[in-house]
Amino acid sequence: MKHALILTEARGQALHLREDANINLLQAAYLARRCARKGFATRLRLILDGGQSPEEYSLLCHLEDGVINGLRRAVIGSADVAQARRDVVRQVRETLLPVALRTSHPGVADDLFFAPVVAEVWDVHPRLRDMVLAAPHPLIEARRMDEYEALLCAGRGSSYLDLEEAVARHALADVIDGESGIVDVSPLRPPRDPFRWLEPADVRAVVDADLHEKESGRMGSDFQSRLIGLFPAVPDGDGRSYFNSPTCCRLEHGRVRILPRDRFGILGLRGSERLAFEALRGLLVDREDGHPGRLFGVKYPYAARILAGSVAREAATLAEAGPVKVVFIEGSEGTVNRATGGLLDALLAEKVTPFAEYHRFVARDAVRKQLPIRPGGLPLIQDRLAELVPSSFSPPIDEGRLFAEPRTPSAFPAPTVAQR
Amino acid sequence: MTPRVKALLERAAVALRSAESTPLLEEIGAADVGLPELLQHLRAKEGWQEEEAWTTPSFRASLFLMPAGGTMPLHDHPGMDALLKVLWGQIRIRSYDWMEGQQALARATSDRLVSPADGAQRLEPHRDNLHRLDAVEDSAFLDLLAPDYDVEAGRPCLYYVEEALVATEGGPSIRLRPVPT
């Protein structure tokens, strides 16, 4: 039996149309279908990371600089920064998001952008159709509006990541169609229960090893190597711990620096916190023991290491039964983040190649530029976008090579224990 | 760091984000940040040593110490504004800009020796955004970044090596290759 294991991003499908993720998911579906037809037992793994807030990830990053500057001035120039911040966050949610978000977790502040792992879908925007169909766009099919709205309505009361996964699966079911029975689709995402985020053995192993390395002073002096891949709740002046859009956590002079994070600098946040490593470990143990208190999520660079480890283990298991091809599809030309997607790419290449063929694709920039910029979801554009998919790959697909009979496991060097 | 220096840095960061001119760093001198005592404990024998001075969600201020002969390799500041004020010694700063619409191609924009008598050196998202620093003598400089590097927001700090000279319209440019860190 020959196997294909395809990995792609599944966030960015439900709330906004200008995302590389839209085209990447369809590319992955296209390849999965082709692989299945070529006789590969095909698995599609969907990354649903707990990183950036839905507000920042999907929407703010596509606003004009002038609009962002206006939001920034409204907060920073205000006599009452806290009130101005609440107003701006509410304005972003009410004018740019197709759904209303909320959270039932007591440690999450409503006046900051939500972390995706705790955001819940409360309702559908009452002016959804106006937001999406305000101006015609060649990729948007208005006849799909009912279907999109029904997906959002079905997501009421579920978590934001559940909605993203549901919309991604809906699009995949359409595209994979007849192959759906033989393409195995499953998500790679954090556990739903916040107390279990750090519980899996592979997660704790990455966290513990890195903290040990950083505390021992063996890390490099560049910016990236000082980052600690956790986002913890940050305390506010009233003694509460707020957990929202990922905070920044990093090594600083032998201690840990925690900062609230504000990607666009519009929230007027100030202040930070320094901890000894021992104190950070104590907070992690408290979390593990189920004590209420500060939440900790996982982010770059730990997320990439955990994902790569998971995919490598799966590929290694498959390789025991036959040859394996691993394909990673993420980003578009010119916009690939060399640190985030780049790290996962480098780790996969390192961990997978001892026992599988590894391929990496992004989308051609010309295709990304054809996407509309507005609230909406993949179902609205997937029919027209699908027509562009076969020619959207960078590098272009070489079917002779990609679908060639994979080398048998015996043709690869035996993986070491560390690689397994 | 004294409240006066903190206030100057905060005002300078706000001015930077608003694209206003900002002479505020000129008011900060070596004594304000504990030089030259810090230089006597310069641990780095080559490269650089960062003393992170003050970090907030919207900017980061650091004091960098470099021994004579030390180099900070060519690196970028994606989407960021920055001010670099030499407080001690002398540093050669070679600056570059990405060429618009050209993947991985950059063009040299300036090459200068900078000392405390010079004003703060400014870089912007589309002006002098990449640079390489070489300490001609034991040196220290204050670095103000607004916003700070943020990997997930597409602002990683990447280092590059000059791979080849390329003939392009308007003169030669340089192909840069990112170096894994």
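Quick note on labels: first sequence line is chain A, next is B, and so on, each numbered from 1.
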Ignoring hydrogens and angles, tell me if any N or O in the side chain of Q224(A) forms a donor-acceptor pair with the backbone of C157(B) under 3.5 Å. yes
So, N337(A) side chain and V151(B) main chain: donor-acceptor pair closer than 3.5 Å or not?
yes
Q.
So that I can tick it off, tell me whether R261(A) and D150(B) are bridged by a salt bridge, with the cut-off set at under 4.0 angstrom between side-chain N and carboxylate O.
A. yes
Answer yes or no: does atom CH2 of W197(A) have more than 12 heavy-atom neighbours from other residues, nucleotides or ligands under 6.0 Å?
-> yes
>> Within the supplied structure, the quantity of interest is the number of heavy atoms (other residues, nucleotides, ligands) at a distance under 6.0 Å from D80(A) CG; does it exceed 12?
In response: yes
To the nearest 0.5 Å, tell me how far [X] [atom1] sits from [Y] [atom2].
X: W54(B); Y: S272(A); atom1: CH2; atom2: OG; result: 9.5 Å
X: I266(A); Y: S58(B); atom1: CD1; atom2: OG; result: 12.5 Å
X: D222(A); Y: W48(B); atom1: CG; atom2: CH2; result: 6.5 Å
X: D148(B); Y: D262(A); atom1: CG; atom2: CG; result: 12.0 Å

Greatest number of non-hydrogen atom pairs under 4.5 angstrom with chain B, of R250(A), R257(A), R72(A), falls to R250(A)
* To do: For salt bridge (Lys or Arg N to Asp or Glu O under 4.0 Å), just list the numbers for D76(B) and R338(A), CA-CA rounded to whole Å, side-chain angles, deciding distance to a tenth of an Å, and then say yes or no.
  => CA-CA 13 Å; D76(B) 59 359; R338(A) 290 191 179 111; 5.7 Å; no
Check whether any side-chain heavy atom of E50(B) lies under 4.5 Å from a side-chain heavy atom of R226(A), and answer yes or no. yes
Cut-off 4.5 Å, heavy atoms of chain A, and the answer for P178(B) is side chain
When the 4.5 angstrom heavy-atom criterion is applied to I76(A) and chain B, the contacting part is neither
Looking only at H75(B), E10(B), E152(B), M72(B), the option with the highest number of non-hydrogen pairs under 4.5 Å against chain A is E152(B)
Residues Q52(A) and A153(B): closest non-hydrogen pair is NE2-N, 4.2 Å
